[in-house]
Amino acid sequence: MSMDKRFDPKSYEGHWQQRWAEMGIFVCEAPSSRPSFCIMIPPPNVTGKLHMGHALQSTLQDLLVRWKRMQGYNALWLPGTDHAGIATQLMVERQLVREGTSRAALGREAFLERTWAWKKQYHGNIRRQLDLMGASCDWTRERFTLDEGLSMAVREAFVRLHAEGLITRGEYIVNWSPALGTAVSDLEVEMKPVRGKLYHIAYDVDGSGERIVVATTRPETMLGDTAVAFHPDDERYRHLIGKFAILPLVGRRLPFVADAKVEKDFGTGLVKVTPAHDAFDFELGRRHGLPILGVIGRDGKMTVAAGAQFAGLDREAARALVVETLRAEGRLVKVEEHEHNVGHSQRSGEPIEPLISTQWFCDVSGMAARALEAEKDGTLRLIPESWGKTWEHWLANIKPWCISRQLWWGHQIPAWFRRDGTFVVARSREEAVELAGTDELEQDPDVLDTWFSSALWPFSTLGWPEQTADLATFYPTNVLVTGFDILFFWVARMVMTGLHFTDRVPFSTVHLTGLVRDADGQKMSKTKGNVVDPESLIEEHGADALRFTLALLDAPGRDIPLDPERMAGYRAFGNKIWNAARFVLEPTAEAPAKVGNARVQSTLDVATLGLPERWILSRLSRTAAEVEQKFTDFRFDEACNQLYHFFWGELCDWYIEFCKPVFAGTVAEAERPRVGEVLLTVLDRALRLLHPVMPFLTEEIWQRLPGHEAIHPETICLAPFPTPVAEWESDEHEARMASVMELVTRVRALRTERKISAKTKTRLYLAGAGPLLETLRAQAPLVKALCRLEAIELGSPPAGAVLDSLAGVEFALVPEAGAKEAPAPVVAVLDGQLVQLRDEIARAEARLADESFVSKAPARVVEGNRARLAELRERYSRLAAGAGE
RNA sequence: GGGAGGUUAGCUCAGCGGUUAGAGCACCUGCCUUACACGCAGGGGGUCGCGGGUUCAAAUCCCUCACCUCCCACCA
């Protein structure tokens, strides 16, 4: 099976995804004798499209799962989707509007049918895109937040929380989104600075000639005012206690109340109090037992309670009319420009209207305390750790969670109302009828916040509340990979419900990723038009390149600037791997492959191997150790860097070059035995190390390695993840080889500096003494090949040769006599080097002359400096001698 | 108002107490050396935001300041 010269990821990626699915290798067992490892996918919107954030998170999740699977774990990556209440409902509603109809016209039942049809139509998209990414999900366990099992879990959770008194129904001030027609939670409100006005309005004090001035940014709410407040210590207003203000336009008498939450220094120090339309005023009103008077309706328009003059007007129009009327009455004292924060609906963008409404609330304070504790005592680990403070602060100040939504698409609240307005909470209608003692019941029309069902995701997907084998096997899960933007929306709530219902944290580690930004560090957004679609990147460069790029850029606590050029660079890495494999496996005239009849070895006795073989095996073992450690530490960026450097910088740049003279017969087989086996073994293990990041390419090549079946009969996905081999590691061999490589680099540099063309036949003279010279003598044929030399001579060079030195070895380059290009003495280059060397020598001398350094620094460091100084001096004298010629 | 993070090569970022600060891309020079031009070899480029301090030694630890991101927060 020869390899195509062209590196084309598309030619094999789809094929392997299909093959893996057919093999069923990602399907997990429960129960299992193997240790389990489990990751739950953060369920994407069922009708959505995967964006770069998903691509990043999927890459990291898949990397972890593939790694653990190769380590022999029963590794489950459970896929699924979210019904995404508001988002999906809005999409369907928009479609209806285009068809000239509406949600209201259809009615609840027909609308839900439409939405389910919509869901069915788009559902396959997510799987298709995850398949493109190479995701190794167990699709037999796929879940959807609205499927029967999860719905049962949702009802169970609701019933239990209600029984415990943690879920209650009540009238409270909520964040109302007039455009969406539903209440939303605090988290769904986004504060945005708005340039508004601060209106100063004069009120009369009843029964005295006194006039007071209140300041407000929302004059239209005055129609619902029920008090005027000031700070208890405010000398200016103390005398007003017991008195009443007359509300302009309305004439209502408003009591004065003193409250410590009022800021003395803002405005006039007097606050108009509208308990029905401001959270601050609502709380204040509660403390003082003030009446609540709603004047703005759910549609954002003024109600009849606002008075005949204003009823029916939009909020903005009412404001204008109120201001106009006040001005006409001479009560508008002053209008100032004023920038302040206004809550906006995250989903629809319009200003939130705080208003009183009957909703379901979940008291999460107890669960929050446990979630906070879990993070503090290390049961739950956040990565990066810096999120700990944010976590603690949010949970310590948590408020009741408004869990009901006035929508249709979602889990309908399992509460049934009797005719008299009382209700029962139950798991089903049957249970409700039994509890209520009547079948004249109507279920609460509202649905639950989408995040309520997502909060149960880690265990509801495994069958909870049933004690299933899956739950016993995979729960608690191990790692959660998600974006920090849903830390509160989702992560915190999963931890809370997990602790509450299962007494366990649902996952021990949360890896929070940054945001994927564009090449210029800008947030990707549709309006900016800089959104990069993962599918198009896969189309262009392949999934492996995308995965490698994302994993490599995932530095903790940082956003990820995705530069297509950089990604092209990692595609080139794939090309490099492809071609390295081609070199190794290329058929020759005599053999089926360059490596002859060699096969991948599962163990290798290194004792009889040559120096380059010892070197690469030692480097391989250390890379394996490093990669394993970095994966364990969630440093995918460093692991990938390591792999990149090993494969390209060591295996390709050096070791393959070391092999060429052997294959060419320039170096005797006897001196470098079993090169083919070593090369294949290194390639096999390197591919296995890379597999979690680049699954397709590694499988495609690995399948072609002679002898791979002995590692695993079917697939690299199940082949063991390489572990370090202590017997292969050798500082001594690494050091010896490193100095040979250093010499090769120096010789090449000299050649370039002296402009000795590659075609000019050149001799290298080596003289001196020491271990390096011995090594070089042994490796002479190799050095000759790597430096493209005509010959290597031992002994003093003829006069006039180019001289340098390294570790006790003097070396000189001598171009063939009569060569076309004379060795142009590049004086400038040499001078520059000499100056640099002199500076370095001076610095080293100064350091060593410093007594405190010599006495206080560790001996190791001092020794290192001494050795370096000696080396620098030697080099300097050689170069200076050369320059003097 | 609280909190987190950032400021290192032209760009995007690693490094976070030890000798000569790295990578990818970009740039310069020379090469199609039969695995790879998605390449090879060699090279240029940084007073590590400013100012102090601790230390034999500071991008690295501490403090001040400046500028940039982001999160949380009931000054109407």
Side-chain angles (χ1 to χ4, degrees), chain A residues 3 5-7 191 198 214-218 221 229 261-267 270-274 278-284 338 340-341 343 354 384 386-390 393-394 397 484-485 487-488 514-515 517 519-521 523 541 545 549 552-553 555 557-563 565-586 594 637-638 641 644-645 652-653 656-657 660 745 748-753 755 757-759 785 788 829 836 840 843-844 847 850-858 860-862 864-865 867-869 872:
Chain A
M3 293 177 71
K5 187 166 182 200
R6 205 169 66 101
F7 166 59
M191 300 306 273
L198 188 61
V214 300
T216 179
T217 53
R218 296 197 57 192
T221 63
K261 287 279 172 117
V262 176
E263 294 286 333
K264 281 192 288 191
D265 302 328
F266 186 85
L270 283 172
V271 178
K272 58 184 272 309
V273 183
T274 322
D278 186 283
F280 176 88
D281 293 5
F282 180 82
E283 295 296 339
L284 192 148
H338 180 64
H340 61 132
N341 282 329
S386 56
W387 284 102
K389 279 200 173 179
T390 311
H393 181 258
W394 190 73
N397 296 291
F484 61 82
D485 51 322
L487 185 63
F488 304 140
L515 223 59
R517 296 171 177 274
D520 302 319
K523 216 170 179 165
H541 300 295
T549 307
L552 189 129
L553 291 176
R558 280 201 95 115
D559 286 344
I560 293 165
L562 187 78
D563 185 344
E565 281 189 35
R566 185 157 182 164
M567 192 172 149
Y570 294 121
R571 179 203 155 92
F573 181 45
N575 180 62
K576 189 75 185 177
I577 296 170
W578 182 259
N579 280 292
R582 273 185 61 223
F583 171 78
V584 175
L585 304 174
E586 195 179 42
K594 196 162 266 144
D637 56 333
E638 291 184 350
N641 259 320
Y644 183 92
H645 178 255
C652 292
D653 286 351
I656 286 183
E657 296 304 319
K660 285 181 179 173
T745 303
R748 286 167 174 170
L750 261 186
R751 210 176 171 129
T752 306
E753 280 162 19
K755 298 204 188 311
S757 149
K759 287 182 183 129
R788 303 186 169 279
V829 171
Q836 206 184 326
E840 281 179 38
R843 252 179 289 155
R847 197 174 299 120
D850 184 347
E851 208 170 302
S852 50
F853 169 71
V854 177
S855 60
K856 291 189 182 173
R860 198 192 92 241
V861 175
V862 178
N865 272 275
R868 177 170 156 69
L869 178 58
L872 287 169

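Throughout, protein chains are lettered first and strands after them, A, B, ... in sequence-line order, and every chain is numbered starting at 1. Worth saying up front: this structure is predicted, and the values here are computed from it rather than measured.
Rounded to whole Å, the separation between the C1' atoms of B:U12 and B:G6 comes to 14 Å. Only the C1' atoms considered, B:A4 is 45 Å distant from B:G42, to the nearest whole Å. Spacing between B:G10 and B:A26 at atom C1', rounded to whole Å, works out to 7 Å. Comparing the same atom, C1', in B:G18 and in B:A58 gives a spacing of 10 Å after rounding to whole Å. Spacing of P atoms, B:U33 relative to B:U20, comes out at 40 Å, to the nearest Å. Only the P atoms considered, B:U60 is 15 Å distant from B:A21, to the nearest whole Å. For the P atoms, the distance linking B:A23 with B:G30 amounts to 23 Å, nearest Å. Using atom C1' as the reference point in both B:G51 and B:U47, the two lie 14 Å apart (nearest Å).
Within 3.5 Å, no donor on the side chain of A:K576 pairs with an acceptor on the base of B:C38, nor the reverse.
B:A23 is paired with B:U12 under the criterion used here, namely a Watson-Crick or G-U wobble arrangement in which both key atom distances are under 3.5 Å. Across all strands shown, B:U54 forms no Watson-Crick or G-U wobble pair with both key distances under 3.5 Å. Using Watson-Crick or G-U wobble geometry with both donor-acceptor distances under 3.5 Å, B:C40 finds its partner in B:G30. Using Watson-Crick or G-U wobble geometry with both donor-acceptor distances under 3.5 Å, B:A66 finds its partner in B:U7.
Nucleic acid contact class of A:N341 (heavy atoms, under 4.0 Å, all strands): base. Residue contacts for A:P384: at a heavy-atom cut-off of 4.0 Å it reaches no nucleic acid atom on any strand shown. Contact annotation for A:K261: base contact, defined as any heavy-atom pair under 4.0 Å involving a base atom. At the heavy-atom level, A:H340 lies under 4.0 Å from the strands shown only through sugar-phosphate atoms. Residue A:T221 is classed as having no contact, given no heavy-atom separation below 4.0 Å to the nucleic acid. Within the nucleic acid shown, A:V262 comes within 4.0 Å of at least one base atom, counting heavy atoms only. A:A749 comes within 4.0 angstrom of sugar-phosphate atoms only, judged by non-hydrogen atoms across all strands, and of no base. Using a 4.0 Å heavy-atom criterion, one finds that A:R571 contacts the bases of the nucleic acid, with or without backbone contacts as well.
Distance A:I577 CD1 to B:C38 P: 17 Å, rounded to the nearest Å. Look at OH on A:Y644: it is 10 Å from C1' on B:C25, rounded to the nearest Å. The CZ atom of A:R751 sits 13 Å away from the P atom of B:G42 (whole-angstrom rounding). In this structure, CG of A:L585 is placed 20 Å from P of B:U34, rounded to the nearest angstrom. As a whole-Å value, the separation of A:I656 CD1 from B:C40 P is 11 Å. One atom, NZ of A:K660, and another, C1' of B:A41, lie 13 Å apart when rounded to the nearest Å. Spacing between atom CZ of A:R566 and atom P of B:C13 amounts to 9 Å, rounded to whole angstrom units. Rounded to whole angstrom, the span from the CZ atom of A:F266 across to the C1' atom of B:C74 amounts to 12 Å.
Residues A:F853 and A:V861 form a side-chain contact, since some pair of their non-hydrogen atoms from C-beta on lies under 4.5 Å apart.
Side-chain N or O atoms of A:R751 include one that pairs as donor or acceptor with a backbone N or O of A:R788 at under 3.5 Å.
Atoms OG1 and NE2, on A:T549 and A:H541 in that order, are 8.0 Å from each other to the nearest 0.5 Å. To the nearest 0.5 Å, the span separating CZ on A:R582 from CZ on A:R6 amounts to 12.5 Å.
Between A:T217 and A:H393, the residue anchored nearer the 5' end of RNA chain B, judged by the nucleotide with its closest heavy atom, is A:H393.
Regarding the sugar-base torsion, B:A41 falls in the anti class, its angle being beyond 90° of 0.
Side chains of A:N641 and A:D637: a donor-acceptor N/O pair is absent below 3.5 angstrom, by distance only.
Closest to the side chain of A:E638, out of B:C74, B:G15, B:A76, is B:G15.
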